[in-house]
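Values below: every heavy atom of this structure, side chains too, minus hydrogens, waters and symmetry copies. Order of listing sets the numbers, starting from 1, for every ligand and every atom in it. Keep in mind the model is a prediction, meaning the values are calculated, not measured.
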Amino acid sequence: MQTNFETVIINKMSTDDVDGVIKIEESAYGDHHWSKESFLNEINNELARYYTLHTPNGELAGYAGCWHILDEAHITTIAIAPNYRRKHYGQALLKRIIDDCYKEKIKYITLEVRVSNTAAINLYSKYGFTSFGTRKKYYQNNNEDALIMWTKNIFFDEFKNNYENIIKTLEEKITIK
Ligand SMILES: CC(C)(COP(=O)(O)OP(=O)(O)OC[C@H]1O[C@@H](n2cnc3c(N)ncnc32)[C@H](O)[C@@H]1OP(=O)(O)O)[C@@H](O)C(=O)NCCC(=O)NCCS
């Protein structure tokens, strides 16, 4: 068994987090990042669920968000600060989003991702998202296509068994509070 070497803290995103979130946005998306107002709107959007991830020393290392619409969730964003990537933090945030879906009886989860974004596509694929086509020229800054990814029904064994196995491995590596 691997050593559990790290604790991360996941909280609902608050207005106090937004300046730090914007810094990570800039580093992740350059000049086509979301505005501060977009995040402030999301915090007050009753369909939205937005979370931050802090390290034990209190540093904001990432955030993620989604919308819950009827029995579907739409992941709108997930980003980890460059110096904290590949430490399972993206998975920790995705876990929070998926666990919320189970609690709120959401059956399907979807998202769009740039076709060139191998890191994110691998992350989602690991959790059982599969591609259901593309949206052509979806990203206006460079006309890049978006891959549309969906889960199957997350209450079905195929998704759930894979999810439970991945989370078992994740929780051997990090503690999520
Ligand atoms: C995508 C992103 C959130 C992943 O966060 P992370 O904390 O580095 O990812 P994790 O350490 O939790 O990795 C989980 C899985 O993602 C995949 N992955 C993550 N980074 C990867 C990379 N650079 N190359 C290939 N696969 C990668 C792997 O499948 C990995 O599983 P593994 O550790 O078993 O190999 C991060 O790269 C990021 O912030 N990117 C910029 C913002 C962005 O593109 N967001 C997605 C928008 S849709």
Given Leu147, Leu123, Thr77, which one has a non-hydrogen atom that is nearest to atom 16 (O) of ligand 1? Leu123
Which residue and atom name correspond to the protein heavy atom nearest atom 8 (O) of ligand 1, and how close is it? Arg86 N, 2.8 Å
Counting both backbone and side chain atoms, is some N or O of Thr118 under 3.5 Å from an N or O of ligand 1? no
Is the closest basic N to carboxylate O distance between Asp19 and Lys36 below 4.0 Å? yes
Is there a polar contact, in the sense of an N or O pair closer than 3.5 Å, between Tyr124 and ligand 1? no
Looking only at distances, can you tell me whether any N or O atom of Tyr84, backbone or side chain, sits closer than 3.5 Å to an N or O atom of ligand 1? no
Any donor-acceptor N or O pair under 3.5 Å, side chains Tyr50, Asp17: no
Is the count of non-hydrogen atoms from other residues, nucleotides or ligands lying under 6.0 Å from Glu158 atom CD greater than 12? no
To which protein heavy atom is atom 43 (C) of ligand 1 closest, and what is the distance rounded to 0.1 Å? Tyr29 OH, 3.4 Å
So if you build clusters from Ile, Leu, Val, Met, Phe, Trp, Tyr with side-chain heavy-atom gaps below 4.5 Å, do Ile75 and Val115 land together? yes
So which of Ala146, Ala119, Ser125, Ala79 gets nearest to atom 27 (C) of ligand 1, if we judge by its closest heavy atom? Ala119
Short list, please: which atoms of ligand 1 are under 4.0 Å from a heavy atom of Gly90? 5 (O), 6 (P), 7 (O), 12 (O)
Distance flag, aromatic centroids of Phe159 and Tyr127, threshold under 6.0 Å: no
Look at atom 11 (O) of ligand 1 and say which protein heavy atom is nearest, naming residue and atom and giving the distance to 0.1 Å. His88 N, 2.9 Å
Within 6.0 angstrom of Trp67 CH2, more than 12 heavy atoms from elsewhere: no
Test item: side-chain donor near acceptor, His68 and Glu104, under 3.5 Å: yes
Give the residue and atom name of whichever protein heavy atom lies nearest to atom 25 (C) of ligand 1, and the separation in Å to one decimal. Asn122 ND2, 3.3 Å
Can you name the atoms of ligand 1, numbered from 1 with element, that are less than 4.0 Å from a heavy atom of Lys126? 31 (O), 32 (P), 34 (O)
The protein heavy atom nearest to atom 39 (O) of ligand 1 is Ile80 N, 2.8 Å
Under 6.0 Å from the CZ atom of Phe156, do we count more than 12 heavy atoms belonging to anything else shown? no
Any carboxylate oxygen within less than 4.0 angstrom of a Lys/Arg side-chain nitrogen, looking at Glu72 and Lys107? no
Considering heavy atoms of the protein only, find what lies nearest to atom 41 (C) of ligand 1 and give residue, atom and distance to 0.1 Å. Arg85 NH2, 3.5 Å
Would you confirm whether any non-hydrogen atom of the protein falls under 4.0 Å from atom 2 (C) of ligand 1? no
Nearest-neighbour protein heavy atom for atom 44 (O) of ligand 1, which is reported as residue plus atom name and distance: Asn117 ND2, 2.7 Å
May I ask you to identify the nearest protein heavy atom to atom 45 (N) of ligand 1, giving residue, atom name and distance to one decimal place in Å? Ile78 O, 2.7 Å
Could you walk me through whether Glu6 and His88 satisfy the side-chain hydrogen bond (donor to acceptor under 3.5 Å, both in side chains) test, starting with their C-alpha distance in whole Å, then the side-chain angles of each, then the deciding distance to 0.1 Å, before giving a yes or no? CA-CA 10 Å; Glu6 186 86 72; His88 323 295; over 6 Å; no
Ile75, portion touching ligand 1 at heavy-atom distance under 4.0 Å: neither
Value rounded to 0.5 Å, distance of CZ in Phe155 from NZ in Lys160: 7.0 Å
With a heavy-atom distance limit of 4.0 Å, tell me whether Lys87 approaches ligand 1 through its side chain, its backbone, both, or neither. backbone
Could you tell me, atom by atom, which parts of ligand 1 come under 4.0 Å of a heavy atom of Ala120? 1 (C), 46 (C)
Is Tyr29 linked to Tyr89 within one hydrophobic cluster, defined over Ile, Leu, Val, Met, Phe, Trp and Tyr using a side-chain heavy-atom separation of less than 4.5 Å? no
